[in-house]
Amino acid sequence: MIALADALAGLKSKLTGRVILPADTDYDTARTVMYGGFDKKPGAIVRVRSAGDVQAVVNAAREHGLELAVRSGGHSNAGHSSSDGGLVMDLRELKAITVDRAAGTLTAETGATAIEVTKAAGEHGMVVGFGDAGTVGIGGITLGGGVGYMARKYGLTIDSLLAAEIVTADGTIRKLDAAHEPELFWAIRGGGGNFGVVTRLTFKLSPLPQFTGGMLALPATAEILAGFIAAANAAPEELSTIANVMPAPPMPFLPAEVHGKMVILGMLAFAGPPDAAEKALAPFRALGKPYADFIKAGDYAQLMYPPEDPDYHPTAVARTMYLNRVGASEAQTILDELEHSDAVFRVVQLRVLGGASARVAADATAYAHRKAPMMANLAAFYTTPEDKAKREAWIAAFGRRIEQEEKGAYVNFLGLDGPERMEAAYPDGTWEKLRRIKKQYDPANLFRLNQNIAPAE
């Protein structure tokens, strides 16, 4: 505690932002992260307002040997957005967004959320592709890769990244792009928050004058699920999909007799004119009589999840993996596993990849799974520590049962998975290269509250 007190005393004269302490009335609100199951109590939370503030906090943490957590949207599946007893650097007041229409670029500070940036770009008929949740911070999703609704048309989020401002462990503010410190720029495009605190990102904007998308709820049989995946694979690159396979929750748009039965809540996003969208969407609507069809032309931002209830903090375990195929046999296995589980909520999410994201060379960025045909995420909610252990065992066995030739993991979907799964996220020579760059920029591993890449020895 002496080190923390000394650090805070030195910070006071250097900050334009605010320090929140355990005695402050808003401390509990400020320390709360999105996912439940984490009840960390940081020694202090620093709400930074500039790159200079970030620099000051990084220097203080390094000089006083404090654990440092970096928080933007607070969506870390592993609870890395907070610390027990250390410093939390809260980026949520770094929200400036500027659009340069002539240059076709958007620059945003990393406390901005995906929905805020999406709306700013949408005012100009343009887009930066993020994920499917609007409340995530753009820093976290970008640094991990950014697999979302625009992936097949315009690539991952990192494929639109032109430049970044970052504060590294030595307290230096660095400006990165393909020509300036290119190895560090390579590493932050998929390597997560291991290399510093990114304060500003500049993206290339892509045109999106027209968009059609929404949810299509279908019965989940092996035939329909396999047909959904086949249709997604055959679809033009303008269409990206997510198939959420689960027992039907008691949603008001689903008939009461369907509740508890297996359904596919398909999210479909078409980047293009309505007539082309209708043609691309027709095979999905032909799979079976939909329980609900909310697909419509309109604003792309409509597709991002609505803001979370601030009092809703789900507790879940999950496994991220890549698959080569989901035919009738694989579909039946998925449905059987979901049927036989008694978790209060369980889901398999399937994302067909390919398109623009697959045309980037595997070694061009730290996200190396460019040729993976499909991403899967298996998840189950838990209610008690004992229930958590049960769900973890089920998820692990489920993953082994459907594992195929394509190996690996998506770093943004990892939880407390351990070093083996971290290395699976970075195949071939990617892991070794990241460790070398980590050693150069963060040899003492100051930035370790993340999906950590230890410095090379």
Side-chain angles (χ1 to χ4, degrees), residues 77 132 147 151 215-235 239-249 251 254 258-268 283-292 314 316-354 369 372-382 387 390-410 412-415 417 421 424:
N77 293 333
D132 52 291
V147 178
M215 178 192 290
L216 182 69
L218 293 164
T221 65
E223 181 183 7
I224 291 176
L225 178 54
F228 189 103
I229 299 303
N233 274 309
L239 183 67
S240 289
T241 65
I242 301 175
N244 296 294
V245 190
M246 66 182 82
M251 292 178 167
L254 293 174
V258 174
H259 295 175
K261 294 183 178 180
M262 287 296 158
V263 296
I264 302 168
L265 301 185
M267 304 301 296
L268 298 98
F284 297 88
R285 287 175 165 140
L287 291 170
K289 183 179 179 181
Y291 294 131
V317 295
R319 182 176 180 87
T320 173
M321 59 197 302
Y322 293 99
L323 298 177
N324 299 82
R325 63 197 166 274
V326 172
S329 175
E330 293 82 6
Q332 190 61 60
T333 298
I334 289 169
L335 293 172
D336 288 346
E337 286 283 350
L338 290 169
E339 285 277 14
H340 295 153
S341 171
D342 61 354
V344 291
F345 179 81
R346 62 269 192 200
V347 61
V348 173
Q349 186 181 85
L350 300 170
R351 300 172 185 243
V352 169
L353 305 174
H369 297 287
M374 191 185 317
M375 181 188 294
N377 199 44
L378 323 179
F381 284 19
Y382 64 88
D387 192 40
K390 181 179 180 181
R391 304 309 161 197
E392 287 174 335
W394 176 69
I395 289 286
F398 191 175
R400 289 191 296 270
R401 191 175 179 195
I402 65 171
E403 187 177 39
Q404 297 173 358
E405 302 85 359
E406 193 73 40
K407 309 301 181 186
Y410 175 42
N412 274 350
F413 286 171
L414 288 176
D417 292 79
R421 295 291 289 155

Short side-chain to backbone donor-acceptor contact, Asn377 and Gln349, under 3.5 Å: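 Here the side-chain-to-backbone pair does not exist.
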Under 3.5 Å donor-acceptor, Lys407 side chain and Gln404 backbone: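 At least one qualifying donor-acceptor pair exists.
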I need the single residue from Leu338, Ile264, Val347 that forms a side-chain contact (heavy atoms from CB on, under 4.5 Å) with Met246. Which is it?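 In the set Leu338, Ile264, Val347, the residue that makes a side-chain contact (heavy atoms from CB on, under 4.5 Å) with Met246 is Val347.
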Which heavy atom in [X] sits nearest to a heavy atom in [Y], and how many Å separate them?
{"X": "Ala376", "Y": "Leu323", "answer": "CB-CD1, 3.8 Å"}
{"X": "His259", "Y": "Leu254", "answer": "NE2-O, 3.1 Å"}
{"X": "Leu414", "Y": "Ala409", "answer": "CD2-CB, 4.0 Å"}
{"X": "Phe413", "Y": "Thr320", "answer": "CB-CB, 3.6 Å"}
{"X": "Gly408", "Y": "Tyr322", "answer": "C-CD1, 3.7 Å"}
{"X": "Pro247", "Y": "Gly260", "answer": "CB-O, 3.7 Å"}

Do the rings of Phe228 and Phe284 sit parallel, tilted or perpendicular, given the 30° and 60° boundaries?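 Phe228 vs Phe284 ring planes: perpendicular.
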Donor-acceptor pairs under 3.5 Å, side chain of residues 327-336 to any protein atom, not counting sequence neighbours: which ones?
from: Glu330; atom 1: OE1; to: Gly327; atom 2: N; distance (Å): 2.9
from: Gln332; atom 1: NE2; to: Asp336; atom 2: OD1; distance (Å): 2.9
from: Thr333; atom 1: OG1; to: Ser329; atom 2: O; distance (Å): 3.2

Can you find a pair of side-chain heavy atoms, one from [X] and one from [Y], that are under 4.5 Å apart?
{"X": "Pro219", "Y": "Met262", "result": "no"}
{"X": "Val348", "Y": "Ile402", "result": "no"}
{"X": "Phe398", "Y": "Arg319", "result": "no"}
{"X": "Met267", "Y": "Asp132", "result": "no"}

Quick one: [atom1] on [X] to [atom2] on [Y], what's the gap to the nearest 0.5 Å?
{"X": "Lys289", "Y": "Leu218", "atom1": "NZ", "atom2": "CG", "result": "12.5 Å"}
{"X": "Ile395", "Y": "Arg400", "atom1": "CD1", "atom2": "CZ", "result": "11.5 Å"}
{"X": "Leu353", "Y": "Thr241", "atom1": "CG", "atom2": "OG1", "result": "9.0 Å"}
{"X": "Leu287", "Y": "Leu225", "atom1": "CG", "atom2": "CG", "result": "9.5 Å"}

Which residues pass the ring pair (Phe, Tyr, Trp, His ring centres under 6.0 Å) test with Tyr291, not counting sequence neighbours?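 Tyr291 satisfies ring pair (Phe, Tyr, Trp, His ring centres under 6.0 Å) with no other residue.
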Checking Tyr382 now: which residues fulfil ring pair (Phe, Tyr, Trp, His ring centres under 6.0 Å) with it, not counting sequence neighbours?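 For Tyr382 there are no ring pair (Phe, Tyr, Trp, His ring centres under 6.0 Å) partners, ignoring immediate neighbours.
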Set of residues satisfying side-chain contact (heavy atoms from CB on, under 4.5 Å) with respect to Ser341, sequence neighbours excluded: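 With neighbours one apart ignored, the set is Ala343, Arg346, Arg391, Trp394.
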Identify, with sequence neighbours excluded, every residue that meets side-chain contact (heavy atoms from CB on, under 4.5 Å) alongside Glu223.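 Residues passing side-chain contact (heavy atoms from CB on, under 4.5 Å) with Glu223: Thr221.
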Taking only residues two or more places apart in sequence, or in another chain, which ones meet Arg285 in a side-chain hydrogen bond (donor to acceptor under 3.5 Å, both in side chains)?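 Here the qualifying residues are Glu278, Asp293.
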Show the numbers, then the answer: is there a salt bridge (charged side-chain N to carboxylate O under 4.0 Å, His left out) between Arg325 and Glu406? CA-CA 10 Å; Arg325 63 197 166 274; Glu406 193 73 40; over 6 Å; no
